[in-house]
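The block underneath contains the structure these notes are about, expressed in structure tokens.
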Amino acid sequence: MKPGLLEVMRMNRICRMVLATCLGSFILVIFYFQIMRRSPFGVDICCRKGSRSPLQELYNPTQRSLERVSPPWLELSNTAVLHQMRRDQVTDTCRANSAVSRKRRVLTPSDLKHLVVDEDHELIYCYVPKVACTNWKRLMMVLTGRGKYSDPMEIPANEAHVSANLKTLNQYSIPEINHRLKSYMKFLFVREPFERLVSAYRNKFTQKYNTSFHKRYGTKIVRRQRKNATQEALRKGDDVKFEEFVAYLIDPHTQREEPFNEHWQTVYSLCHPCHIHYDLVGKYETLEEDSNYVLQLAGVGSYLKFPTYAKSTRTTDEMTTEFFQNISSEHQTQLYEVYKLDFLMFNYSVPSYLKLE
Ligand SMILES: *[C@@H]1O[C@H](CO)[C@@H](O)[C@H](O)[C@H]1NC(C)=O
Ligand SMILES: *[C@@H]1O[C@H](CO)[C@@H](O)[C@H](O)[C@H]1NC(C)=O
Ligand SMILES: *[C@@H]1O[C@H](CO)[C@@H](O)[C@H](O)[C@H]1NC(C)=O
Ligand SMILES: *[C@@H]1O[C@H](CO)[C@@H](O)[C@H](O)[C@H]1NC(C)=O
């Protein structure tokens, strides 16, 4: 009784049709030892009595989420339609993909390491590096801090990345995991996949980032992808070219050896959007708007806003175009295949600068 993709989605649909009150997804995270069959949603650590959860606000908005938009009904319905379309796009892509892929995978706790939990506001945020994740982690620290912080920007960036500062879903028991997946509002933020990739490359390999990162990945990339590399380059791994980085990503050895580093791993593999039914898909292109909508649904929109920040070093579409100029169309095509599901699922069109074979 391990439900694959299709079963889970079918359950989802039935759930939506049959039970008007059934919010969110009906996800069974089945582990190899099937503890939960005995006690599916056994532990009940619920609820903020008397106040509505973000999930209720999202699917059944009240005045609370209406009051900040104007003209209220029109804009709210537009937002609701937009988010429904984004969810449908994910569901449809998953369905089409499961029809061609025979991989039937079930989630294990280690798949949930990117899902940050806020019990006080009943939120689950799947963080994707290079998609405003530092600022969102800061916000999650404010939200879970019980008054410890008020301004997200007072939290240093490196502190936002200390894993002990935020609780992730894999740290809970199986019944607790299932309860939270069912009743919390689950959201993530996505970005145009190649722009995210160039951003990761620039951040990790063109700046003096971190010597152990260069040693860990840079030396491997140089060793594999550069003919006649100098001893120094082999030792330091700090001058990886974008062409070499791309060659490393499309090399079948790379993913066979170990999963991609999270900075260039697909959203599909980090957040499992075909198994976990995200209630809200935020986009980097509309970051502030989507972020503030999440905060509003969480009931904190009146005093907590997404931090605005200087975007001068941001990777842009023009920059991405530049970087891809030097990549052969064969490699572009293979790279697109690696990130294809992220493109389709989050409705990003094939970039016009690509010369696909
Ligand atoms: C996908 O993108 C196109 C073009 O940008 C847009 O017209 C369409 O509404 C989007 N669909 C979804 C589901 O977001
Ligand atoms: C540097 O990179 C290594 C290898 O990925 C990583 O484990 C470590 O946390 C990084 N250190 C800092 C300070 O970012
Ligand atoms: C590598 O070095 C050898 C010997 O110096 C040379 O003959 C060869 O052409 C070089 N190959 C490349 C790809 O630069
Ligand atoms: C493209 O390749 C040329 C020649 O090797 C190099 O000078 C240039 O810096 C490369 N551009 C990018 C964006 O990597």
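Atom set for the values below is all heavy atoms of this structure, side chains included, hydrogens, waters and symmetry mates excluded. Both ligands and their constituent atoms are indexed starting at 1 by order of listing.
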Nearest neighbour in protein (non-hydrogen) for atom 2 (O) of ligand 1: N347 ND2, 2.3 Å
E119 and Y172 side chains, donor-acceptor separation under 3.5 Å: yes
Passing option when E244 is tested against R226, R224, Q225 for side chain to side chain donor-acceptor pair (under 3.5 Å): R226
Is_contact(atom 12 (C) of ligand 1), protein non-hydrogen, under 4.0 Å: yes
Sub-4.0 Å protein heavy atom near atom 5 (O) of ligand 1: no
Salt-bridge criterion met for E258 and K220 (N-O under 4.0 Å): yes
Backbone or side-chain N or O of Q89 under 3.5 Å from ligand 1 N or O: no
Sidechain N-carboxylate O distance under 4.0 Å for K283, D290: no
Aromatic centroids of Y127 and W136 separated by under 6.0 Å: no
Nearest-neighbour protein heavy atom for atom 9 (O) of ligand 1, which is reported as residue plus atom name and distance: M85 CE, 3.4 Å
